[in-house]
Amino acid sequence: MAEMIKLLSGNEALALGAYHAGVEVAAAYPGTPSTEILESIARFDDIYAEWSTNEKVAMEVALGASYAGVRALVSMKHVGLNVASDPFIAASTTGVGAGMVVVTADDPGMHSSQNEQDSRHYARLAKVPVLEPGDSQEAYELMAHAFDISEKFDTPVLVRLTTRLSHSKSVVKTDRERVVPDRTVGFQRDVAKRVMVPAYARLRHPAVEERLLKLATFAETMPLNQVLWGDRGLGVISSSVAYQYAREVLPRVSFLKLGMVYPLPENLIRYFAVQVDRLVVIEELDPFLEESIRAMGISVMGKEFIPRVGELNPDIIEDGLRRIGLLNEAVAPPGLKITPGLPKRPPLLCPGCPHAGFFFVISRLGKRSRTPKSRGKTAGETGLVITGDIGCYTLGAYPPLNAMDTCACMGASIGQALGMAKAGTSQRVVAVIGDSTFLHSGITPLVDAVYNGGNMTVVILDNGTTAMTGHQHHPGTGVSAQGKEARAVKLEDIVRGVGVDDVRVVSAFNIRDIRNALRSSLDSPGLSVIIVRGPCAVRAPKQARPRVINAEKCNQCQLCLLIGCPAIRREGERIYIDPASCVGDACGLCEQVCPQQAIAPQSGVAVPA
Amino acid sequence: MKKFDLLVTGVGGQGVILASNIIGEVALAAGYDVKKTDTLGMAQRGGSVVSHVRLGRGVYSPLIKAGEVDIMLAFEKLEAARWSHYLHPGAVAVVNNYAQFPLSVNLGDETYPGDDEIVNILKRSTKRIYLIDATSRVEALGNLRTLNVFLLGCASVFLPLKIRVWQDIISQRVPPGVQKLNITAFNRGRKEMRRVYLRQSATEHGAGVVDTEDVRGGSRA
Ligand SMILES: Cc1ncc(C[n+]2csc(CCOP(=O)(O)OP(=O)(O)O)c2C)c(N)n1
């Protein structure tokens, strides 16, 4: 095969690496920054790729495929590994069949996540090896190692990315082709190794411990761990993208660059440490390497000058090194700081978003939003609690809607609502959850609410896609990850099927219907489910006739601004609708909301391109 | 091989990421090592977007250090001001003379800075500021989606990368059917940049010390 040189993101490179390494089954649940791994791999039609309902299922699908003798890949964001941790640790206990690689992408800096965990800690918990690439080329190459290690040591292998690696593009050279190991596919019965009843699990634990020792020996000479000699006055141990930042700031010192960060190569680290005058560890988030190295009795500095919190960058590393006197004085600190006080630009619900109408209604019912004229008055106490979940709709927590009170992790809204109701609060509790999130982890808590009799309202915002992570298909959409027609799971069938009697389906663009459904649900005791349905505005084709505000009829009450639609704008006293942003007949929420009937379709306007 | 650190910024939906991808691919074709990285919040549209693009002989960090950007290409004025501290003195700032108000401004909770304020913020970093009426020019061309390619035309004037390669990569990266339109937008962008540059250097003597070679051709490499 001819050499290929391409600019690839870490995710794309990793997918290509897995493909060339002969992966045959790939499963994932979307999650920024990991999503494009499965999206890239799904384009190869000689492998099977699926969006699973959640990460736990994805892990089990990969494990099953591995047991059956094909190389399998499963990818997820960092919090996805929390969801999948049970089968992950089980996979470590049983070992694998053919190679199984688990990719998790951490999000230092929380660009799009609810926490900032360092998933390398799972290595210790699950007792599995962890590999970390430093750029796209390494991500590509590391996949071949990962599958080989998995098979050689009979273990799942964890590959840890971070947002900066997943979403940076760098040059990848390949001269390999896809090689699929020549094996017969089929599960071979081996009860002692596959059936983890205590008697057999007890046999596995020593095997796992022995495996770790062998892996540590392997780490000493494996090619992803490299010493790069420079000036021996300072030695830096680093991995992942932190290595790139450190190298940028310290181009002339010595490095021990680790591609395999668990288990650690103790002899190699000692060999490096004794040859440098001072030793530091530069790593993002937790002192994962540093604490292990210190436990070896080696004197090392790390988190004294590198923050544990947030994403690193070369400036932060330079700053830290300067503070402990390890930076050449010639490097001046940057002169300017970010200009304070500029208006921020947080993410928004889009014009025509099907979530906006519901949030407008509940925000008004719950007295969460107020027009300027009523702003002086004290907030009304309505006794309404809105437990929330994760998706685009979490943006309903922001002004002007202010319509979400909790957001913990995917699927939490329904269980939290039940807990609040059972705690005996007199407040009426409403759980708000998206369609993809409901399928991911909302069904089991709903069953709990049916079983244990929860007094609550559950609202499923069904926009027919997993919007937040870039519009992936899910079991409700009727299309597979590889674009094939699939059987669509109907939300109302699930809800009725598990025993909810009071189920309503309303259009996301009909304010009156939403209000009526919500009011009657709030007024009646027991459990009710409202499905608010309307297509995601980014995917629905834009329609004719943007709305316009008739300036003569408009009395500047500003109620329309409380929808939070970015197309509705204010300039001084004048409120207007940007015709290029308005989705027109596809939405029409503002027209329904205006008490003056000042908003109407602009007739005779062509469909914007 | 001179290094170039570029910062491309704007608002989600304006085509910032495609633009920075194209710069990276053109540079790769010209033999540079390239790293580029995007930072975009969680939403699809409407949030701040910034891409770092680094070209050189060998690039380690995908992120540029503050104060080291050579060329800023801003699709929106407020975003230009937001990232201005990344520029080094003497850096080039190509700024689309276009404001897109954040929701907080629409709701009257914050005020959008005036043009003078934005220019003053930028001036703390560099004098070589070029305000381009890209959005209105592109609107006149008939398709707002070519904004990113028009602005690439502007930036291309300051980069030693061959026009043919720009045009090839742009044709590969934009949807079929609008290739010609995009090439026209790219060429117009180059032309507009040169016009603004010449006018500005005529009035503000010595403000922007760009080699005229760069400005005229950019095709030396
Ligand atoms: C365990 C876990 N997996 C994945 C994610 C990433 N993620 C955040 S929201 C979301 C799904 C959103 O889809 P949906 O519920 O349909 O809401 P929408 O964005 O379409 O409004 C995903 C996959 C996460 N936060 N946690």
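The figures that follow rest on heavy atoms only: side chains count, while hydrogens, waters and symmetry mates do not. Naming: A, B, ... by sequence-line order, numbering from 1 per chain.
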Which of these, B:Asn106, B:Asp109, B:Leu103, sits in a side chain to side chain contact (heavy atoms under 4.5 Å, CB included) with A:Pro400? B:Leu103

Okay, B:Glu68 and chain A: the region with an atom under 4.5 Å from a heavy atom over there is neither

Which residues, numbered in order, of residues 174-181 of chain B come under 4.5 angstrom of chain A by heavy-atom distance? none

Separation between NZ (A:Lys169) and NZ (B:Lys36), nearest 0.5 Å, reads 6.5 Å

Which residues, numbered in order, of residues 55-63 of chain B come under 4.5 angstrom of chain A by heavy-atom distance? B:Tyr60, B:Ser61, B:Pro62, B:Leu63

Which answer fits A:Pro399, side chain, backbone, both or neither, if we ask what part of it has an atom under 4.5 Å from a heavy atom of chain B? backbone

Most heavy-atom pairs under 4.5 Å with chain B, out of A:Ile5, A:Ile338, A:Asn313, belong to A:Ile338

Under a 4.5 Å heavy-atom cut-off, does chain A meet the side chain of B:Ile64, its backbone, both or neither? backbone

Closest contact, heavy atoms only, B:Glu79 versus A:Arg345: OE2-NE, 2.5 Å

Contacting region of A:Val171 [heavy-atom separation from chain B under 4.5 Å]: both

Nearest 0.5 Å, what's the CG-CD distance between A:Leu342 and B:Glu110? 9.0 Å

Name the member of B:Leu78, B:Val105, B:Ile121 that forms the most heavy-atom pairs with chain A at distances under 4.5 Å. B:Leu78

Among A:Ser170, A:Ser168, A:Ser166, which residue meets the side-chain hydrogen bond (donor to acceptor under 3.5 Å, both in side chains) test with B:Thr37? A:Ser168

Which heavy atom in B:Lys65 sits nearest to a heavy atom in A:Pro314, and how many Å separate them? CG-CB, 3.4 Å

Between the side chains of A:Glu248 and B:Arg54, is the shortest nitrogen-to-carboxylate-oxygen separation below 4.0 Å, so that they form an ion pair? yes

At a heavy-atom separation under 4.5 Å, does A:Asp578 approach chain B through its side chain, its backbone, both, or neither? neither

Can you check whether A:Pro343's main-chain N or O pairs, donor with acceptor, with B:Arg82's side chain at less than 3.5 Å? yes

One pair to check against side chain to side chain contact (heavy atoms under 4.5 Å, CB included): B:Lys35 and A:Asp135. What are the steps and the verdict? CA-CA 9 Å; B:Lys35 281 198 175 155; A:Asp135 61 19; 3.9 Å; yes

Holding to ring pair (Phe, Tyr, Trp, His ring centres under 6.0 Å), I want the full list of residues that pass it with B:Tyr112, two or more places apart in sequence or in another chain. B:Phe101

Between B:Glu76 and chain A, with a heavy-atom cut-off of 4.5 Å, which part of the residue counts as in contact: side chain, backbone, both or neither? side chain

B:Lys3, NZ: over 12 other non-hydrogen atoms inside 6.0 angstrom: yes

NE2 of B:His52 to CZ of A:Arg164: how many Å apart, nearest 0.5 Å? 7.0 Å

List in chain and number order the residues that pass ring pair (Phe, Tyr, Trp, His ring centres under 6.0 Å) with A:Tyr393, two or more places apart in sequence or in another chain; answer none if no residue qualifies. A:His355

Which bit of A:Leu8 comes within less than 4.5 Å of chain B, counting heavy atoms only: side chain, backbone, both or neither? neither

With a 4.5 angstrom heavy-atom cut-off, could you sort out which part of A:Pro566 is near chain B: side chain, backbone, both or neither? backbone

With rounding to the nearest 0.5 Å, note down the distance linking CG in B:Asp38 to OG1 in A:Thr163. 12.0 Å

Looking at every heavy atom in both B:Glu25 and A:Leu7, which two are closest together, and how far apart are they? N-CD2, 3.8 Å

Using heavy-atom distances under 4.5 Å, tell me whether A:Ile568 contacts chain B through its side chain, its backbone, both, or neither. backbone

Part of B:Thr111 lying under 4.5 Å from any heavy atom of chain A: backbone

